[in-house]
Amino acid sequence: GDATHLSGIGQATDAHGHIQGTQISLFDVSDMAAPARLAVYRLPFGRSEAEVDPHALLYCPAARLLVIPVRLPGAAWTRPVAGPAPSAMPKDGPHVLPVSAAIVLRVGDHSITRLGTITSPAVPGYPQGSPIRRSLVVGGTLWTLAEAGLKASDLATLTSLAWVPFG
């Protein structure tokens, strides 16, 4: 943030210590002896690499944008099985593929607001989209780096501009 604000990213827990998902908090640290939490934004059941690696997050001070990669629960799917009944349930049941995204947040003086979500397209090996690992801004373009390629999005509108696959 700035000299009086600090953002924190970690896992939210309930009163019993059960993990509930990614939490982004905004603190007023103008009085270091008594920091105050001003705002919280939660992503239920989410996980972010930014929780343990500060290189995974992007903060643009001029626009007050915070971009973090997250893995969120996806839809249940049935793994294809060989044989005459392709819709048959596999022996070990349905699977849930996590959805990878970059969450774009605006950090205000007393608020955290979600502006949008950027995902990678489905590609071979990544039916839910390639996992996003990092992001950066070049000019007016927000680039997200995924395992299978780069995606360019307009910084102001988050509209997809291009996908550049690796290989």
Side-chain angles (χ1 to χ4, degrees), residues 1-15 17-32 34-75 96-123 126-164:
D2 55 36
T4 61
H5 291 90
L6 175 72
S7 295
I9 301 171
Q11 283 285 307
T13 60
D14 64 16
H18 299 117
I19 294 174
Q20 297 181 317
T22 299
Q23 175 174 292
I24 300 97
S25 299
L26 176 65
F27 296 92
D28 177 345
V29 292
S30 56
D31 179 356
M32 290 299 282
R37 187 164 66 179
L38 302 173
V40 174
Y41 186 87
R42 291 190 176 111
L43 293 160
F45 307 105
R47 291 239 181 250
S48 176
E49 189 175 350
E51 295 168 23
V52 295
D53 185 351
H55 296 103
L57 69 90
L58 168 68
Y59 182 67
C60 295
R64 299 192 79 165
L65 293 181
L66 179 65
V67 182
I68 63 167
V70 295
R71 308 255 330 193
L72 302 168
V96 176
L97 286 177
V99 173
S100 178
I103 303 298
V104 182
L105 304 166
R106 180 167 322 281
V107 180
D109 287 336
H110 296 88
S111 63
I112 302 170
T113 308
R114 187 172 179 166
L115 298 180
T117 304
I118 296 172
T119 58
S120 298
V123 294
Y126 299 103
Q128 299 288 88
S130 178
I132 294 173
R133 304 292 308 279
R134 301 286 188 268
S135 54
L136 67 136
V137 173
V138 179
T141 304
L142 173 61
W143 288 90
T144 47
L145 170 65
E147 291 181 11
L150 287 163
K151 184 173 184 178
S153 302
D154 183 271
L155 185 60
T157 65
L158 303 182
T159 303
S160 179
L161 302 173
W163 169 253
V164 183

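Note that the numbering runs from 1 along the sequence shown for the chain.
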Would you give me the side-chain donor-acceptor pairs under 3.5 Å for residues 144-153, sequence neighbours excluded?
residue : atom : partner : partner atom : Å
E147    : OE1  : Y126    : OH           : 3.0
K151    : NZ   : T119    : O            : 2.7

Shortest non-hydrogen contact from T22 toward I9:
CG2-CG2, 4.3 Å
To check you understand the geometry: which heavy-atom pair defines the closest contact between S100 and P131, and what is its length?
OG-CA, 3.1 Å
Report the residues that fulfil side-chain contact (heavy atoms from CB on, under 4.5 Å) with I19, sequence neighbours left out, ordered by chain and then residue number.
Q11, T13, R47
Rounded to the nearest 0.5 Å, the CD1 atom of I132 sits from the OG atom of S120 at a distance of 4.0 Å
L142 side, atom CG; S160 side, atom OG - distance, nearest 0.5 Å:
11.0 Å
Please tell me if the side chains of I24 and I103 come closer than 4.5 Å, counting only heavy atoms from C-beta onward.
no
Minimal heavy-atom distance between V29 and M32, with the atoms involved, is O-SD, 3.4 Å
Can you pull the side-chain hydrogen bond (donor to acceptor under 3.5 Å, both in side chains) pairs that have at least one residue in residues 132-143, sequence neighbours excluded?
E49-R133, E49-R134, D53-R134
Is any side-chain heavy atom of P69 closer than 4.5 Å to one of S48?
yes
Let me confirm one number: the OG-CG distance from S7 to L57, rounded to the nearest 0.5 Å.
8.5 Å
Could you measure the distance from the OG1 atom of T159 to the CD1 atom of I118? Nearest 0.5 Å is fine.
9.5 Å
Sorted by chain and residue number, the salt bridge (charged side-chain N to carboxylate O under 4.0 Å, His left out) partners of D109 (sequence neighbours excluded) come out as R64
Once side-chain contact (heavy atoms from CB on, under 4.5 Å) is applied, do any residues pair with T113, and if so which ones, sequence neighbours excluded?
S111
When rounded to the nearest 0.5 angstrom, what is the spacing between CG in L26 and CG in L105?
11.0 Å
Can you give each donor-acceptor pair under 3.5 Å made by side-chain atoms of residues 34-46, sequence neighbours left out, with the distance rounded to 0.1 Å?
residue : atom : partner : partner atom : Å
Y41     : OH   : R114    : NH1          : 3.2
R42     : NE   : Q23     : OE1          : 2.7
R42     : NH2  : Q23     : OE1          : 3.1

